[in-house]
**Q** 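Mind looking over this structure? Questions follow.
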Number of protein chains: 2
Amino acid sequence: MALRHAVLAALLDGEYSGYQLAKAFDIGVANFWHALPQQLYAELARLEKEGLVAGRQVIQEGRPNKRLFRVTEAGHAELERFAADVPKPSFIRDDLLVKVQAVDGVTAGPVIGQLEERATAAEARIELLGGLLHKLRGGATEEEFLRTGDRIGPYLTCLRGLSLEADHRDWCLRTAGVLRERQRNHAER
Amino acid sequence: MALRHAVLAALLDGEYSGYQLAKAFDIGVANFWHALPQQLYAELARLEKEGLVAGRQVIQEGRPNKRLFRVTEAGHAELERFAADVPKPSFIRDDLLVKVQAVDGVTAGPVIGQLEERATAAEARIELLGGLLHKLRGGATEEEFLRTGDRIGPYLTCLRGLSLEADHRDWCLRTAGVLRERQRNHAER
DNA sequence: TTTGACATGTAAGAGGTTACATGATTCT
DNA sequence: AGAATCATGTAACCTCTTACATGTCAAA
């Protein structure tokens, strides 16, 4: 059970509904944790049953009612315990890299296309995260915000996401270039 | 079923036993896929039953016998199909980043320690991958190898791993620095 | 003589993905 | 009129992790 800590960490930003949490997992949280909406609804239900989060019903007009969740004291204690515990090694799974690993044994064309698409997607995420960072630090400079801000966790993880995406984009473009070049040389003979 | 493609891609390098494959998943393959030895033994059994890999017994003296696996024609066809298919988005899961996200709500000390340990581990992996890259390109320069080598997939994925680790190390050290600085400022008041 | 490398698995339980299910409102 | 957003789940299936199980040989 590890998703729970990602959920608790995300809920430190304030109250979220399952739906809003799912959005957060598509943007900021995506920099370090992947989860589908169904998982989040299920996890929130479990966390509530165990008293780590508390939900309250919010009646809305013109749209469905929702339940907003916040981290309880027991939830904070669990996060505290988790933070001091030995971390599991990070892990990555990337189909596209599997394809690059196999590129000597398969048709390179589609892989090149996918690398270029991925670079474009990374670029889009760079813009998105740039905007998010700007919003998070408000009027302050980054240096100032990191020294004196009172909620810097999400800022730091977004910085990680940003540099990850930039790096990823560069690698995708370089790799696509290398493979294209080899296609050209191969065709010449 | 996605692990299978990572296994097939790894087996393009030649024949491997389950044990050797597990090692490869700890080094080069770790740059894009995470899997435990038990999973690999199970997956190899499934792949063999489906005819995507073929195993042969190798009797050894002075150590246990082993089974070496290679990718069959059907396995190559499956990789080819996979390479042209739309890739799933890559995903990350990282406990340490979860802790950083939550750092405003928990004791920062242990998190700082873990960031520094992670930076050291990244450094070690950078050395490891540097050596691996050197070995893969043989006597050639990188530029030359990428232009004319006949097995560049693993090289390209190692390059990704290398830049990922370097980036990760830098972020860990910077983040640890920011958090330490805040601890100091807090203590002063 | 004990640690580490070599070598291969099984079984139970936890966790994650895919498909299904519903329905109102707002924007294009 | 159709797509996107808001809003929440269930059920079946697949995958992954953790714990267990075994045994040899080489090196420190």
**Q** May I ask you to list the residues of residues 16-32 of chain A, by number, that have any heavy atom positioned under 4.0 Å from an atom of DNA chain D?
**A**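 Under 4.0 Å from DNA chain D: Ser17(A), Gly18(A), Tyr19(A), Lys23(A).
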**Q** Does the protein touch nucleotides 21-28 of chain D at the base, only the backbone, or not at all? Give it as B, S and - per nucleotide, heavy atoms under 4.0 Å.
**A** --B-S---
**Q** For the pair Glu78(A) and Arg81(A), find out whether any cationic side-chain nitrogen is under 4.0 Å from an anionic carboxylate oxygen.
**A**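 Judged by the 4.0 Å cut-off on N to carboxylate O distance, Glu78(A) and Arg81(A) do form a salt bridge.
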**Q** What verdict does the salt bridge (charged side-chain N to carboxylate O under 4.0 Å, His left out) test give for Arg174(B) and Asp170(B), after you've listed the backbone C-alpha separation in whole Å, the side-chain angles of each residue and the deciding distance to 0.1 Å?
**A** CA-CA 6 Å; Arg174(B) 191 191 172 197; Asp170(B) 294 347; over 6 Å; no
**Q** Which residue pairs pass the ring pair (Phe, Tyr, Trp, His ring centres under 6.0 Å) test with at least one member in residues 51-96 of chain B, sequence neighbours excluded?
**A** His34(A)-Phe91(B), His5(B)-Phe82(B)
**Q** About how many Å separate OG of Ser163(B) and NE2 of His168(A), when rounded to the nearest 0.5 Å?
**A** 10.0 Å
**Q** Got a salt bridge between Glu15(B) and Arg70(B), using NZ or NE/NH1/NH2 to carboxylate O under 4.0 Å?
**A** no
**Q** Do the side-chain N or O atoms of Gln60(A) get closer than 4.0 angstrom to the phosphate oxygens (OP1, OP2) of dC6(D)?
**A**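 Gln60(A) to dC6(D) OP1/OP2: no side-chain N or O under 4.0 Å.
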**Q** Just to confirm, is there a sub-4.0 Å distance from OP1 or OP2 of dC16(D) to any side-chain nitrogen or oxygen of His34(B)?
**A** no
**Q** Looking at CG of Asp167(B) and CD of Glu165(B), how far apart are the two atoms once the value is rounded to the nearest 0.5 Å?
**A** 10.0 Å
**Q** Any side-chain N or O of Arg93(A) less than 4.0 Å from the OP1 or OP2 oxygen of dC16(D)?
**A** yes
**Q** dG16(C) C1' sits how many Å from Phe91(B) CZ, rounded?
**A** 8 Å
**Q** Under the salt bridge (Lys or Arg N to Asp or Glu O under 4.0 Å) rule, what pairs show up with a residue in residues 106-124 of chain B, not counting sequence neighbours?
**A**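 Matches after skipping sequence neighbours: Asp94(B)-Arg118(B), Glu116(B)-Arg180(B), Glu123(B)-Arg169(B).
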**Q** Strictly below 4.0 Å, heavy-atom distances to any atom of DNA chain C: list the hits from residues 35-59 of chain A, or just say none.
**A** Leu36(A), Gln38(A), Gln39(A)
**Q** By the side-chain hydrogen bond (donor to acceptor under 3.5 Å, both in side chains) test, which pairs, at least two apart or in different chains, include something from residues 16-31 of chain B?
**A** Ser17(B)-Gln20(B), Asn31(B)-Arg125(B)
**Q** Enter the distance from Arg46(A):CZ to Leu52(A):CG here, rounded to the nearest 0.5 Å.
**A**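 Interatomic distance, Arg46(A) CZ to Leu52(A) CG, rounded to 0.5 Å: 11.5 Å.
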**Q** State plainly whether one hydrophobic cluster holds both Leu164(B) and Leu128(B), where clusters connect Ile, Leu, Val, Met, Phe, Trp and Tyr through side-chain heavy atoms under 4.5 angstrom apart.
**A**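 Result: no, two separate clusters.
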